Amino acid sequence: MPELPEVETVANGVNARVRARRIVQVWTSGKPQTFKSPETEIAAALTGAKIESVRRVGKTIVMTVARDGKPTEFLIHLGMTGRLLVCTPEMPAAPHTHAVLTLDDAREVRFVDPRRFGRLSIHHPKDGGRVRVGTPTSQNRDVGHPVLTDDRHAGYAGPGREPLTISVEDFVALFRGRKTPIKAALLNQSLLHGVGNIYADEALFRAGIRPARQAARLSREELKKLRAALIAVLKQAIKLGGSSVSDYVDADGVRGFFQLRHKVYQRTGEPCRDCGTPIQRIELAGRGTHFCPVCQR
DNA sequence: AGGTTGACCTGGACGC
DNA sequence: TGCGTCCAGGTCAACC
């Protein structure tokens with residue numbers, strides 16, 4: 001299931017393969033649930049447009065296209081089982097293909113999503129400079145697109161903050177007065193972008209914090225540790241191409257490797273890699289939640 | 001308003 | 001073998 005590292009991997013992979021290409025044809029499946037914008041609007045906005053960049057904002061893939069100098073954003077949310085693949089035309093179409101963008105070199109960008117939790121939509125960026133564009137850093141220089149320094153201004157992104165760039169002060173402030181379990185707060189996209197079930201469990205293990213603890217009752221030191229653990233686990237996962245636990249694959253259909261480093265996620269009953277105690281599973285915020293009863297307090 | 005729960009989906013795993 | 005049941009979870013709407 002795609003979370004921040006998986007979406008980042010897919011977005012960077014697609015960006016490297018299709019940037020500066022022109023879209024010559026758009027096909028959509030007609031499955032209404034998949035399309036948040038009308039399919040006719042998506043086809044009209046993309047046909048004939050040039051792909052400027054593909055990047056990640058939260059768990060959303062943002063493809064910026066331009067026609068007649070006017071930018072439009074194609075938003076792709078992978079949901080649970082969505083894939084965005086760059087294919088040659090002779091590759092057979094996978095079942096549950098919902099959109100195909102044919103490029104000017106005959107290659108195709110295909111959106112495949114068996115469970116149909118994914119969503120496609122068109123966003124027209126507001127003019128007036130509400131989106132602040134930052135300078136490339138060592139981390140994103142290779143990506144080849146401008147960097148949003150504050151994604152809260154991106155319009156579609158919602159109020160949540162980017163976990164990779166949030167300061168200690170802001171991170172601590174997010175959970176002030178929150179009576180909900182810390183795990184539920186980590187999953188709340190209006191607080192933090194991009195954290196899903198896998199990386200919430202893994203970050204809490206690495207920080208030594210029980211998922212059921214009330215967010216507001218965590219000390220400043222614990223939250224500081226949690227922020228560092230979250231950033232570390234997300235960065236390591238990005239490096240390894242994400243976690244392939246469901247049917248997640250990158251832009252070339254290649255699986256990630258971070259699932260081999262999972263310490264608690266879907267390891268119920270298996271020994272903790274640090275202390276040997278069997279990993280426990282409970283349900284929290286309607287999600288399977290995995291933790292070590294000894295290492296996490 | 002913050003917090004919680006269920007619906008949306010389908011493939012795969014499991015039990016009988 | 002085959003059928004039925006359950007489970008996975010990102011997000012949103014509805015409810016408390």
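All chains are named by letter (A, B, ...) in the order of the sequence lines, taking the proteins before the strands, and each is independently numbered beginning at 1. In this text, all values refer to a predicted model and were calculated from it rather than measured experimentally.
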Nearest-nucleotide pick for [X], side chain only, options being [options]:
| X | options | result |
| --- | --- | --- |
| E3(A) | dG10(C), dT4(B), dG3(B) | dG10(C) |
| N197(A) | dT4(B), dG11(B), dG9(C) | dG9(C) |
| H77(A) | dG11(B), dT11(C), dA8(C) | dT11(C) |
| R281(A) | dT10(B), dA8(C), dT4(B) | dA8(C) |
| T180(A) | dG9(C), dC8(B), dT4(B) | dT4(B) |
| K36(A) | dG9(C), dC12(C), dT10(B) | dC12(C) |
| M80(A) | dG9(C), dG11(B), dC12(C) | dG9(C) |

Please tell me whether [X] and [Y] have a donor and an acceptor in their side chains that are separated by less than 3.5 angstrom.
| X | Y | value |
| --- | --- | --- |
| D113(A) | T81(A) | yes |
| E52(A) | T64(A) | no |
| H262(A) | S243(A) | yes |

Do any side-chain nitrogens or oxygens of [X] fall under 4.0 Å of OP1 or OP2 in [N]?
| X | N | value |
| --- | --- | --- |
| Y265(A) | dG9(C) | yes |
| K179(A) | dG2(B) | no |
| Q33(A) | dC8(B) | no |
| H96(A) | dG11(B) | yes |
| R178(A) | dG3(B) | yes |

Estimated bend of the helix from dG2(B)-dC16(C) to dC16(B)-dG2(C) (axis per five terminal pairs, rounded to 10 degrees):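 Inter-axis angle at the termini of the helix from dG2(B)-dC16(C) to dC16(B)-dG2(C): 50°.
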
Same cluster (ILVMFWY, side-chain, under 4.5 Å), I61(A) and V26(A):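 Yes, it is one cluster - the side chains of I61(A) and V26(A) are joined through contacts under 4.5 Å.
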
Length of the line joining [X]:[atom1] and [N]:[atom2], which is rounded to integer Å:
| X | N | atom1 | atom2 | value |
| --- | --- | --- | --- | --- |
| F117(A) | dA8(C) | CZ | P | 13 Å |
| R83(A) | dT10(B) | CZ | P | 16 Å |
| L284(A) | dT5(B) | CG | C1' | 13 Å |
| R115(A) | dG11(B) | CZ | P | 9 Å |
| E202(A) | dG9(C) | CD | P | 13 Å |
| H290(A) | dG9(C) | NE2 | P | 7 Å |
| K31(A) | dC8(B) | NZ | P | 16 Å |
| I182(A) | dT4(B) | CD1 | P | 12 Å |

Worked verdict on Y265(A) versus F291(A) for ring pair (Phe, Tyr, Trp, His ring centres under 6.0 Å): CA-CA 8 Å; Y265(A) 183 74; F291(A) 67 99; over 10 Å; no

First of N188(A) and R287(A) reached from the 5' end of DNA chain B, by closest nucleotide: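 Between the two, 5'-proximity favours N188(A).
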
Sugar-phosphate only, base, or nothing, as touched by G288(A) at under 4.0 Å among non-hydrogen atoms: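 The residue G288(A) makes sugar-phosphate contact but no base contact.
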
Touch class at under 4.0 angstrom, heavy-atom based, for G286(A) against every strand present: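 The answer is nothing, as G286(A) stays clear of every strand by at least 4.0 Å.
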
Aromatic ring pairing F111(A)/H98(A), orientation class (parallel under 30°, perpendicular over 60°, tilted between):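 It falls in the tilted class, 30° to 60°.
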
Test log, rule side chain to side chain contact (heavy atoms under 4.5 Å, CB included), inputs Y199(A) and L234(A): CA-CA 7 Å; Y199(A) 298 103; L234(A) 291 173; 3.9 Å; yes

side-chain contact (heavy atoms from CB on, under 4.5 Å) partner of E222(A), the single match among I182(A), V172(A), I209(A):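 Of the listed residues I182(A), V172(A), I209(A), the side-chain contact (heavy atoms from CB on, under 4.5 Å) partner of E222(A) is I209(A).
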
